[in-house]
Amino acid sequence: MTLDHKTTANSEGEVCKTIEVVLVDRRDLSPPSPAVLTSPVVGDDLTFIPPLNFAMVDNGIFRSGFPDSANFSFLQTLGLRSIICLCPEPYPEPNTDFLKANGIKLFQFGIEGYKEPFVNIPEDTIREALKVVLDMRNHPVLIHCKRGKHRTGCVVGCFRKLQRWCLSSIFDEYQRFAAAKARVSDQRFMELFDVSTLKHSPMSFSCSKR
């Protein structure tokens, strides 16, 4: 998986990036070509199904909706060390068993999934999640919430601010995933989020290079 980054700079020296993001929705997947994959048999792990809204954020950083058992074979191909869950509910037992079996560490930062257009997004919680993302010892890492849109979008958007993306590029990426359910409150949160306390965190990510 690769990301095609195009970089420009605005008058304030911020780096504006546009990316090509491929959104994966299990509901839209077409059956695999018989020439590529044969029908799986019992015990055959040739069928790899990504979680809802799965995408690569950067080298060693991925995002998605909540994985279920149908996605486990795919997740194994990523060689994950960590998963960041942004949902407050107890992690499902099948998922917990999968993490234990594959030596994956779970970081859970419970953020309520509000539907109202104006909500109080917990800045301290987003900041703690970002510290996990920025720690290379946790890579490869998957960030997920329920649908991979709003809570995940806020964490990724704040991560982009650390990479000096301009707001228009940050909002464009957010809207690609949130689509018709994009929230003004999320975008306002990303705009006002202060990254100054995180600027000394280790960073060596591909799209932070100019």
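All of these numbers come straight from a predicted model, not from anything done at the bench. By convention here, the first residue in the shown sequence is residue 1.
- Ring planes of Phe189 and Phe193: tilted class, angle from 30 to 60°.
- In terms of modelled atom types and a separation under 3.5 Å, the side chain of Lys146 and the main chain of Cys87 share no donor-acceptor contact.
- With contacts defined as side-chain heavy-atom distances shorter than 4.5 Å, the pair Trp165/Phe171 does not qualify.
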What do the steps show when you test Phe177 against His150 for side chain to side chain contact (heavy atoms under 4.5 Å, CB included), and what is the final call?
CA-CA 8 Å; Phe177 289 89; His150 303 112; over 6 Å; no

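- Put simply, the side chain of Asn102 never gets that close to the backbone of Gln76: no donor and acceptor are under 3.5 Å apart.
- Within the 4.5 Å cutoff, the side chain of Val141 has no heavy atoms near those of the Phe107 side chain.
- Ring geometry for Phe74 versus Phe54: interplanar angle over 60°, hence perpendicular rather than tilted (30 to 60°).
- In this structure, Tyr174 contributes its side chain and Arg183 its backbone to a donor-acceptor pair below 3.5 Å.
- Here the CG-CZ distance, from Asn53 to Arg63, works out to 7.0 Å after rounding to the nearest 0.5 Å.
- Rounding to the nearest 0.5 Å gives a distance of 12.0 Å between NE2 of His144 and CG of Leu52.
- The two atoms that bring Ile84 and Ala129 nearest to each other are CD1-O, 3.8 Å, heavy atoms only.
- Panel note: side chain Asn71, backbone Ile49; a donor-acceptor pair is recorded below 3.5 Å.
- Among Leu75, Ile143, Leu80, Ile83, the one residue that satisfies the side chain to side chain contact (heavy atoms under 4.5 Å, CB included) test with Phe62 is Leu80.
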Salt bridge (Lys or Arg N to Asp or Glu O under 4.0 Å) between Arg176 and Asp172: does it pass, once the steps are laid out?
CA-CA 6 Å; Arg176 287 172 185 258; Asp172 177 67; 2.9 Å; yes

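- Judged purely by atom type and a 3.5 angstrom limit, Arg127 uses its side chain to pair as donor or acceptor with the backbone of Asp194.
- Cys158 and Leu130 get closest at one heavy-atom pair: CB-CD1, 3.7 Å.
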Does Val132 form a side chain to side chain contact (heavy atoms under 4.5 Å, CB included) with Phe109? I'd like the steps, not just the answer.
CA-CA 11 Å; Val132 175; Phe109 300 96; 3.7 Å; yes

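- Ring geometry for Phe98 against Phe72 counts as parallel: the plane angle stays under 30°, on a 0 to 90° scale with 60° as the upper cut.
- Listed for the Lys161 side chain is a donor-acceptor partner under 3.5 Å among the backbone atoms of Glu191.
- When all heavy atoms of His139 and Asn59 are compared, the closest pair comes out as ND1-O, 4.1 Å.
- Interatomic distance, Ile121 CD1 to Cys154 SG, rounded to the nearest 0.5 Å: 4.0 Å.
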Give the C-alpha distance, both sets of side-chain angles, the deciding distance and a yes or no for side chain to side chain contact (heavy atoms under 4.5 Å, CB included) between Ile61 and Phe159.
CA-CA 11 Å; Ile61 305 174; Phe159 171 74; 3.8 Å; yes

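- Taking each heavy atom of Thr152 and Ser64 in turn, the nearest pair found is OG1-O, 4.0 Å.
- For the pair Ile111 and Pro88, the tightest heavy-atom approach, listed with the atom from each and the gap, is O-CD, 3.4 Å.
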Run the side chain to side chain contact (heavy atoms under 4.5 Å, CB included) check on Val57 and Arg160 step by step: do they pass?
CA-CA 10 Å; Val57 177; Arg160 297 307 191 191; 3.5 Å; yes

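- For the pair Ile170 and Met190, the tightest heavy-atom approach, listed with the atom from each and the gap, is CG2-SD, 4.0 Å.
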